[in-house]
Amino acid sequence: MEGGTAINYEIRYMLILLAAVVNQNPVQKARRAVRWENILKLSDFHNITNIIYLGSLGIEKDISEDCRLQFYQSYKRELLLRESYHKAEEVIRWQLERYRIDALVLTSAGTAEMYDKPEMAHTEQIEFLVESKHLPQIHRFMRDMNYEQQEDRLGKGTVYIRVPGIRVVFYNTVPVENRVVKRYFSGSVRKYQHMDDYRYIHTLSREEEYLYRAGRLVESYVTGVLKIREILDFWQFQRILNETFRQKIPAEVAAKAGWEEFIHQTGVLAALWFEDGVRQEYGLALELEEYIVVRGQENKRLDEALLPQERARLDFYWRDREGEWEAKKREWLFPPREYMFRFFPILGKYPFLLVFCWLIRYLRIVKTVCLNKCRRAWVSVRVRLLDAEERFMNFLRRKEKEDTEDNIHIINNEETEGEKDVKEVENQK
């Protein structure tokens with residue numbers, strides 16, 4: 001595995017270990033001393049600790065006792081989490097079916113099926129697509145199952161967390177910002193194929209899942225959190241596609257979305273990392289590699305080459321870096337005319353309208369924020385109404401039960417009195 005990027009030997013050796021385990025090849029020993037503590041931190045960030053642990057089993061003599069213990073604990077936690085995710089997803093599907101809520105499974109705990117060894121898989125979260133009107137009902141049964149609602153930093157879904165680390169997200173729109181792909185996934189959840197043995201649970205076809213996975217890769221790149229695990233999962237998914245997969249449909253949508261070069265270069269990078277004997281032009285792929293493994297580094301030339309249609313979001317996206325945000329805040333509040341022209345073509349003819357376009361932009365932002373707050377408030381009110389309705393129905397059922405018991409008691413008393421009268425008559429006779 002060769003490359004001209006500024007990646008140190010520890011990262012390179014971690015990738016060698018990763019490729020060896022994924023392809024079930026013998027593990028190479030490091031040519032020089034490596035700091036396993038750094039590899040542990042890197043693999044943990046990129047969600048590949050369980051695979052690196054499997055690769056380290058034959059060379060554990062080079063690893064300190066403390067570091068080896070941390071690797072094992074991370075590996076064991078991954079195994080326990082995988083089992084917990086399977087059980088949690090099964091229960092949630094049952095609840096959705098019970099309440100007759102149509103839901104589309106976007107991401108499941110079934111990713112383990114893509115790997116030769118299930119313990120190499122990693123589940124970040126379970127994702128469902130539902131209609132907004134069902135969110136209050138979902139909130140109630142998730143609350144009853146001891147899930148805590150958590151604020152989503154990106155504001156794209158309703159997040160629920162539960163010990164020992166289960167994360168479930170419900171979306172009311174597909175969490176991909178590209179307009180072409182949003183239009184492709186628009187429409188009712190009912191249009192998707194049903195999951196086996198379910199009436200209300202739906203799944204993506206292979207073509208739809210391909211596009212969704214590609215879209216999540218793009219979103220991770222744009223937001224600056226693209227990880228090795230995501231590249232690995234996408235590569236594994238492509239490997240298991242059979243001849244029934246219709247490549248033409250996703251290719252056409254990806255071309256309209258402007259993702260062709262990005263998908264191609266992620267494939268080249270995956271081949272560089274995980275395939276032997278592949279000879280390709282690695283220029284952009286090596287820059288993408290550096291972008292992924294060297295966190296916090298931006299490459300505007302790479303952005304322009306990979307995702308030219310996402311430049312606006314790449315330039316002004318919130319990346320959780322306070323220093324960068326402070327530097328760009330003023331530019332975000334008052335974007336230059338070149339940027340505003342993309343959304344207001346009229347500026348090409350009347351540039352003096354820039355101030356009015358800023359105002360329109362602010363109004364749109366305020367509208368989006370208000371809609372999100374109103375949606376959360378509406379869900380809260382609906383949940384309270386549903387709780388009140390349930391309490392009222394329980395009261396009515398309890399009242400009806402008490403009235404029934406009273407009637408039975410009265411009837412029994414009447415029967416007893418009647419029996420006494422009959423006995424008295426018989427005695428008199």
Side-chain angles (χ1 to χ4, degrees), residues 47 81-82 85-86 88-97 101-114 121-135 138-139 142 147 149-150 152-162 166-196 198-223 225-227 229-234 236-238 240-241 245 249-250 253-254 257 259 263:
N47 298 325
L81 258 183
R82 180 166 60 86
Y85 264 115
H86 276 289
E89 183 179 353
E90 186 176 346
V91 173
I92 292 171
R93 288 203 305 258
W94 177 82
Q95 290 279 27
L96 291 167
E97 189 80 2
I101 298 174
D102 285 286
L104 173 65
V105 180
L106 295 173
T107 303
S108 73
T111 52
E113 299 172 2
M114 299 191 303
H122 170 78
T123 304
E124 183 74 19
Q125 60 189 27
I126 303 172
E127 301 174 347
F128 294 93
L129 178 67
V130 297
E131 295 179 6
S132 298
K133 65 181 181 180
H134 296 307
L135 290 175
I138 290 169
H139 180 76
M142 293 298 285
Y147 281 87
Q149 187 173 353
Q150 188 180 77
D152 187 7
R153 182 174 60 86
L154 299 177
K156 293 181 180 178
T158 305
V159 181
Y160 294 94
I161 305 291
R162 197 187 72 181
I166 306 297
R167 180 182 169 93
V168 184
V169 188
F170 290 92
Y171 298 104
N172 59 346
T173 58
V174 173
V176 178
E177 293 300 319
N178 186 280
R179 292 181 181 178
V180 174
V181 177
K182 267 190 175 296
R183 195 178 306 118
Y184 178 82
F185 284 105
S186 63
S188 173
V189 174
R190 297 183 186 89
K191 74 177 183 180
Y192 298 96
Q193 63 189 14
H194 286 85
M195 181 178 283
D196 293 341
Y198 287 96
R199 292 181 59 191
Y200 297 94
I201 308 300
H202 305 261
T203 58
L204 297 167
S205 66
R206 285 300 190 187
E207 292 76 21
E208 292 162 346
E209 186 175 357
Y210 178 92
L211 273 173
Y212 181 71
R213 286 180 176 274
R216 295 315 297 267
L217 277 183
V218 171
E219 291 300 310
S220 293
Y221 178 89
V222 170
T223 53
V225 293
L226 185 59
K227 298 180 180 181
R229 169 62 73 172
E230 294 172 86
I231 301 290
L232 174 60
D233 282 350
F234 192 62
Q236 285 287 131
F237 175 75
Q238 290 177 297
I240 64 173
L241 293 176
F245 176 72
I249 297 173
V253 178
W259 292 354
I263 293 175

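We number each residue from 1, following the sequence as shown. Below, each value reflects all heavy atoms present in this structure, side chains not excepted, and no hydrogens, waters or symmetry copies.
Taking 4.5 Å as the limit, every side-chain heavy atom of Trp259 sits out of range of all side-chain heavy atoms of Leu217. Side-chain contact between Tyr192 and Thr203: absent, with no pair of heavy atoms (C-beta onward) separated by less than 4.5 Å. At least one side-chain heavy atom of Leu104 sits under 4.5 Å from a side-chain heavy atom of Leu204. Side chains of Val168 and Thr158 form no contact here, defined as non-hydrogen atoms less than 4.5 Å apart. Residues Ile201 and Leu96 are in side-chain contact: their nearest non-hydrogen atoms beyond the backbone lie under 4.5 Å apart. Proximity of Pro175 to Leu106: side-chain heavy atoms (C-beta onward) are separated by under 4.5 Å at one or more points. Using a 4.5 Å cut-off on side-chain heavy atoms (C-beta onward), Phe128 and Val169 make no contact. Between Ile249 and Tyr184 there is a side-chain heavy-atom pair separated by less than 4.5 Å.
A salt bridge links Arg206 to Glu209: one of the charged nitrogens lies within less than 4.0 Å of a carboxylate oxygen.
For the atom pair CD1 of Ile126 and CZ of Phe170, the computed distance is 9.0 Å after rounding to the nearest 0.5 Å. We find the CZ-CD distance between Arg179 and Glu177 to be 10.5 Å, quoted to the nearest 0.5 Å.
Nearest heavy-atom pair across Gly157 and Tyr171 is CA-CD2, 3.6 Å. Between Asn178 and Ala257, the shortest heavy-atom contact is ND2-O, 3.1 Å. For Ser220 against Glu230, the heavy-atom pair with the smallest separation is OG-OE1, 2.5 Å. Nearest heavy atoms, Arg199 versus Asp102: O-OD1, 4.4 Å.
Partners of Ile161 under the side-chain contact (heavy atoms from CB on, under 4.5 Å) rule, at least two apart in sequence or in another chain, are Gln150, Val159, Arg167. Judged as a salt bridge (Lys or Arg N to Asp or Glu O under 4.0 Å), and not counting sequence neighbours, Glu208 has no contacts. Residues passing the side-chain hydrogen bond (donor to acceptor under 3.5 Å, both in side chains) test with Glu124, sequence neighbours excluded: Asn47, His122. Looking at residues two or more places apart in sequence or on another chain, you find a salt bridge (Lys or Arg N to Asp or Glu O under 4.0 Å) between Arg229 and Asp233. For Glu127, the side-chain hydrogen bond (donor to acceptor under 3.5 Å, both in side chains) criterion is met by Thr107, Gln125, Tyr212, Arg216, not counting sequence neighbours. By the ring pair (Phe, Tyr, Trp, His ring centres under 6.0 Å) test, His139 is found to be paired with Tyr160, residues two or more places apart in sequence or in another chain being considered. A search for side-chain contact (heavy atoms from CB on, under 4.5 Å) contacts involving Thr173 returns Lys182, not counting sequence neighbours. Residues forming a ring pair (Phe, Tyr, Trp, His ring centres under 6.0 Å) with His194 (at least two apart in sequence, or on another chain): His202. Looking at residues two or more places apart in sequence or on another chain, you find no ring pair (Phe, Tyr, Trp, His ring centres under 6.0 Å) involving Tyr200. Partners of His134 under the side-chain contact (heavy atoms from CB on, under 4.5 Å) rule, at least two apart in sequence or in another chain, are Ile101, Glu131, Ile138. Checked against side-chain contact (heavy atoms from CB on, under 4.5 Å), Thr111 has the following partners two or more places apart in sequence or in another chain: Met114, Ala121, Thr123, Arg213. For Tyr198, there are no ring pair (Phe, Tyr, Trp, His ring centres under 6.0 Å) partners two or more places apart in sequence or in a different chain.
The 12-atom threshold is not exceeded at CD of Glu90, counting heavy atoms of other residues, nucleotides or ligands nearer than 6.0 Å.
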| request: Could you give me the CA-CA distance, side-chain angles and deciding distance for Leu135 and Val130, then say whether side-chain contact (heavy atoms from CB on, under 4.5 Å) is met? | output: CA-CA 8 Å; Leu135 290 175; Val130 297; 3.9 Å; yes
| task | Decide yes or no on salt bridge (Lys or Arg N to Asp or Glu O under 4.0 Å) for Arg93 and Glu89, but give the supporting numbers first. | result | CA-CA 6 Å; Arg93 288 203 305 258; Glu89 183 179 353; 3.0 Å; yes
